[in-house]
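Encoded as structure tokens, the structure appears first; notes follow it.
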Number of protein chains: 2
Amino acid sequence: MRADGLAGGEGGADRLGELIPVALRAMAAGIAERGGPVPAGGPAAVAAALVAEGGELGQVTAGSGPEKLAPAADTQVAGLGAPVPSAEPVAAETGPLLSAGLPRTGVGAEAALEHLSRLLAAGSADPADPSCAAHLHCPPLAVSVAADVVASALNPSMDSWDQAPVASELEREFTAGIARLCYPHAETPDAVVTTGGTESNLLGLLLARERNPRAQPVCGANAHHSVARAAWLLGLPAPVVVPCEGDRLLPAALDGVLTPDSVVVATAGTTNTGTLDPLPEIARICRRHLARLHVDAAYGGMALCSATLKTKLDGLELADSVALDLHKFGWQPVAAGLFAAREAADLAALTVRAEYLNADDDTEAGLPDLLGRSIRTSRRPDAFRMAVTVHALGTDGLGALVERCCTTAGEVARLVSGHPGLRLWGRPELSTVVLRPVVADEAGDEAGDELVARVRRALLEAGTAVVGRAALPTGPGGENQLWLKLTLLHPHTTAEDYRPLLDRIAATAGAELVAGRESPVAS
Amino acid sequence: MRADGLAGGEGGADRLGELIPVALRAMAAGIAERGGPVPAGGPAAVAAALVAEGGELGQVTAGSGPEKLAPAADTQVAGLGAPVPSAEPVAAETGPLLSAGLPRTGVGAEAALEHLSRLLAAGSADPADPSCAAHLHCPPLAVSVAADVVASALNPSMDSWDQAPVASELEREFTAGIARLCYPHAETPDAVVTTGGTESNLLGLLLARERNPRAQPVCGANAHHSVARAAWLLGLPAPVVVPCEGDRLLPAALDGVLTPDSVVVATAGTTNTGTLDPLPEIARICRRHLARLHVDAAYGGMALCSATLKTKLDGLELADSVALDLHKFGWQPVAAGLFAAREAADLAALTVRAEYLNADDDTEAGLPDLLGRSIRTSRRPDAFRMAVTVHALGTDGLGALVERCCTTAGEVARLVSGHPGLRLWGRPELSTVVLRPVVADEAGDEAGDELVARVRRALLEAGTAVVGRAALPTGPGGENQLWLKLTLLHPHTTAEDYRPLLDRIAATAGAELVAGRESPVAS
């Protein structure tokens with residue numbers, strides 16, 4: 001097949017039918033090679049293996065596929081095969097990866113796909129492995145990935161109707177459904193697609209700024225870093241940070257700081273612990289002070305799909321805007337962000353004219369104006385795979401997966417509570433289990449934190465688990481302590497799948513404690 | 001297959017191997033159904049057909065696939081099949097698409113994929129059809145789409161190394177290659193991945209702002225609307241706009257406005273005409289005034305891959321930063337934006353700390369800090385499919401495709417020049433051919449513009465062509481006139497493929513002139 005064959009048009013499906021199996025076979029081989037949740041050896045080993053395998057773009061030549069490689073016990077990196085001597089040594093000064101430049105000659109579509117797909121699979125942290133449980137990093141559903149192929153091939157660009165006729169209609173319909181999910185009783189709710197919670201939080205502050213140039217962000221100490229970053233990006237003052245208790249914003253603390261210029265960002269599912277802020281109370285206080293309210297429900301929002309969990313989000317409808325993120329609960333590949341506004345009119349802040357995309361006379365003649373649906377211009381139809389997923393599973397089906405994760409987290413929390421080597425931070429509200437090896441408590445303040453950090457890195461380096469970290473104010477004087485975190489987004493696991501991981505965490509903590517005593521400066 | 005099967009992990013490739021063929025078959029069926037570059041009938045017909053076919057998410061039930069539909073001549077929309085009576089009429093007040101909400105019950109993965117993939121294909125404006133030539137909207141390469149499947153399935157998230165071990169290394173290497181392409185002689189160039197030219201231009205202004213809070217954007221009247229929008233988003237003053245001649249910034253005009261606070265945005269390939277600003281001269285003037293220079297090379301940048309075309313970009317290396325976009329020349333599905341900086345240190349403006357993603361002790365222990373590589377947090381590894389594409393074709397292969405498009409544009413321009421019914425704006429510098437029906441010139445100022453706009457909409461409504469528009473100051477007194485635009489990004493066409501389109505444009509203009517005389521208020 002020609003390397004420059006197109007994915008769309010008449011022969012597109014046939015060409016994809018030839019190439020995608022090549023990529024999938026290579027992916028399966030890479031996954032099998034890895035054998036665990038993540039390649040062993042850490043960053044240096046992964047980078048070295050990449051160079052050694054010719055994954056370095058500037059060094060690859062036709063035929064330098066995996067079949068040329070023979071195992072070599074000494075320098076082998078688990079899952080990434082073995083290095084082979086490079087025919088052409090790379091410059092040492094700037095590091096091999098930065099010196100090569102892009103290759104002038106191609107190796108063809110099949111060879112490139114086979115080689116790099118296998119490398120990517122072998123060298124990935126795969127959230128489809130239950131032991132890859134650090135972050136809000138979900139294993140995507142096959143149905144979404146398959147739908148995305150069609151979106152990629154046809155390449156609708158969501159900045160004008162004549163680039164995305166039906167894609168824009170499907171998006172409009174899907175976002176209307178999302179708006180209605182967040183705001184079942186509002187008169188004119190609306191929603192737009194974003195690149196994730198970060199952009200959605202930025203839109204929350206941007207809409208506030210456009211209504212009031214003196215907008216002052218206010219958030220809890222538990223808020224995502226993207227809130228402060230959005231304020232910085234938008235030229236707004238840094239957020240006023242109010243205290244939390246149990247990773248939950250203290251509503252009483254708002255009373256002293258709110259003014260009609262305030263835009264409060266509450267969190268429905270914190271990144272650290274999955275805790276939800278008390279939305280009804282926060283909303284009441286905001287109303288009293290005429291302050292605006294944005295809720296970052298990037299993590300917890302899709303609990304709206306579950307009849308048993310949706311009460312956790314009571315009060316969400318009182319917010320002026322909401323950030324959602326279907327690449328968390330929603331099982332979409334990144335990106336799958338959404339931003340809902342209670343009043344569609346607020347989104348008028350995004351209005352922009354570009355003669356070539358949404359000229360007035362075109363809009364008057366009935367061509368929908370899409371440009372004001374985003375701060376981006378060209379835009380991938382991420383709504384398509386989200387819509388196909390919802391169509392395939394229904395919101396009930398998605399809600400059941402959310403419930404499954406939350407139930408499993410509750411059970412894993414009980415296992416932690418009963419584990420002699422581990423301590424539980426608190427009962428999970430969503431699907432995050434926060435825990436600490438008891439030997440870390442015994443090691444003392446700073447040494448305990450170092451130990452926790454080392455346990456996480458040791459598991460990562462060994463290639464046996466990807467576990468997260470969370471700094472929480474649990475020290476005797478309220479100072480931060482470092483905890484380990486399991487964010488359970490795998491929809492098909494049970495608590496038993498995590499029991500070996502808990503044992504390994506405890507055992508690794510014991511081993512690191514010993515190693516730390518023997519060599520106290522080791523990190 | 002279960003609707004909730006995962007794309008990654010051990011069985012992921014098998015599940016994708018079952019579902020992707022379903023999606024591809026439906027895509028091929030939809031493309032065949034459409035039969036042309038775009039569905040006929042315009043927005044109302046596309047929306048109506050969607051509802052009628054049960055594409056409306058809230059109304060679809062299991063088994064409501066295309067096989068249930070029978071053709072009905074009267075209300076049929078080309079390419080979208082025929083409407084069937086809806087069992088459950090939708091509310092009229094807010095329009096059918098906005099009333100439904102998301103479906104609670106799913107139809108399964110296969111049915112959802114089959115149904116919506118066919119709808120998307122039938123209702124798309126497909127840039128793989130040569131007559132879909134309005135925008136910088138490319139037909140993607142199959143190799144890139146296939147590579148993206150693996151990225152979607154494994155779902156590396158580029159905000160921390162433990163979510164993207166080898167993906168982050170591949171990105172680092174790819175962006176280093178791009179930086180070197182833009183800055184072959186700089187000491188420490190660097191580049192990051194963005195969502196497109198819009199975000200890249202925003203980064204250009206953001207980096208300027210972070211070096212100088214008094215930064216004042218300056219650009220030509222030919223600059224992309226995203227420059228003014230970025231200034232607005234960042235809280236910077238609106239750009240000072242300097243005049244152009246022939247859609248090219250007049251460097252002499254800069255001399256009167258530049259100060260050391262200025263950040264000039266020059267354009268290497270305008271959206272309207274593909275014209276390149278005189279970069280060496282602009283760079284010289286910027287240096288003289290100690291002004292910063294960002295070049296929006298979203299369209300023209302990849303001409304750097306062609307030995308014969310790269311001289312058009314002479315002077316690019318003198319810019320402080322550059323916007324590139326491989327979803328234009330580069331044949332990637334959206335998004336594929338890049339931003340290169342001459343000095344890596346400038347990118348330090350993006351530095352941000354989030355304890356759970358890039359804690360200091362993790363960074364000290366060798367875990368790469370990825371968070372400062374973007375203004376996003378979770379981030380899809382778009383670099384992977386770009387890297388696979390470059391690996392497959394080489395930069396020479398990509399450069400040859402760029403040359404092909406530019407050569408074809410030159411030949412189409414000659415066809416326009418020789419066409420009795422058309423007038424050429426000017427010789428293409430890249431791959432954009434700007435033309436005007438001569439009857440529009442004869443119709444007078446305002447009537448001529450209206451005619452041009454109507455021709456474009458008539459072709460779109462008929463489903464026979466997607467042609468762009470450009471307002472250019474060619475009126476007798478320098479006022480704007482409306483032109484038609486062909487942006488040729490199809491890498492496998494020749495000028496002959498566009499001859500019927502040129503004839504159709506001229507004929508449609510004649511027909512619209514007659515229609516306009518008969519009914520002058522029609523739009």
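Residue numbering restarts at 1 for every chain, and letters A, B, ... go by the order of the sequence lines. All heavy atoms count here, side chains included; hydrogens, waters and symmetry mates do not.
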If you take all heavy atoms of [X] and [Y], which pair is closest and at what distance?
X: A:A7; Y: B:V145; answer: CB-CG2, 3.6 Å
X: B:V334; Y: A:S378; answer: CG1-C, 4.1 Å
X: A:A392; Y: B:A3; answer: O-CB, 4.1 Å
X: B:A153; Y: A:M27; answer: CB-SD, 3.7 Å

Is there a side-chain contact between [X] and [Y] in this structure, where contact means two heavy atoms from C-beta onward sitting under 4.5 Å apart?
X: A:V38; Y: B:P165; value: yes
X: B:L50; Y: A:E173; value: yes
X: B:W161; Y: A:V46; value: yes
X: A:L371; Y: B:H225; value: yes
X: A:L367; Y: B:P43; value: yes
X: A:T195; Y: B:R380; value: no
X: B:I375; Y: A:E199; value: no
X: A:H224; Y: B:T377; value: yes

- Item | Under 4.5 Å from a heavy atom of chain A, the part of B:T271 involved | side chain

- Item | Under 4.5 Å from a heavy atom of chain A, the part of B:R379 involved | backbone

Using non-hydrogen atoms and a 4.5 Å limit, figure out which bit of [X] sits close to chain B: side chain, backbone, both or neither.
X: A:F384; answer: side chain
X: A:L206; answer: side chain
X: A:C138; answer: both
X: A:T389; answer: neither
X: A:S160; answer: side chain
X: A:L120; answer: both
X: A:L236; answer: neither
X: A:V466; answer: side chain
X: A:I20; answer: both
X: A:P21; answer: neither

- Within a reach of under 6.0 Å around CZ of A:R104, are more than 12 heavy atoms found that belong to other residues, nucleotides or ligands? no

- Item | Gap between atom NE2 of B:H137 and atom CD of A:Q163 - 0.5 Å precision | 5.0 Å

- Message: Once salt bridge (Lys or Arg N to Asp or Glu O under 4.0 Å) is applied, do any residues pair with B:R456, and if so which ones, sequence neighbours excluded?
- Response: A:D162, A:D362

- Query: Where do A:L357 and B:H135 land on the side chain to side chain contact (heavy atoms under 4.5 Å, CB included) test, with the steps shown first?
  - Reply: CA-CA 9 Å; A:L357 290 173; B:H135 297 282; 3.7 Å; yes

- Message: Looking at B:R469 and A:E355, is there a salt bridge between them, counting it only when a charged N and a carboxylate O are closer than 4.0 Å?
- Response: yes

- Begin with the C-alpha distance, continue with both residues' side-chain angles, and end with the deciding distance and a verdict on side chain to side chain contact (heavy atoms under 4.5 Å, CB included) for A:I31 and B:L154. CA-CA 9 Å; A:I31 290 173; B:L154 297 163; 4.1 Å; yes

- Between A:L136, A:I178, A:L398, the one whose heavy-atom pairs under 4.5 Å with chain B are most numerous: A:I178

- Task: Show your reasoning for whether side chain to side chain contact (heavy atoms under 4.5 Å, CB included) applies to B:H492 and A:L6.
- Result: CA-CA 9 Å; B:H492 302 152; A:L6 299 180; 4.0 Å; yes

- Item | With B:H391, the side-chain contact (heavy atoms from CB on, under 4.5 Å) member among A:L113, A:L102, A:L116 | A:L116

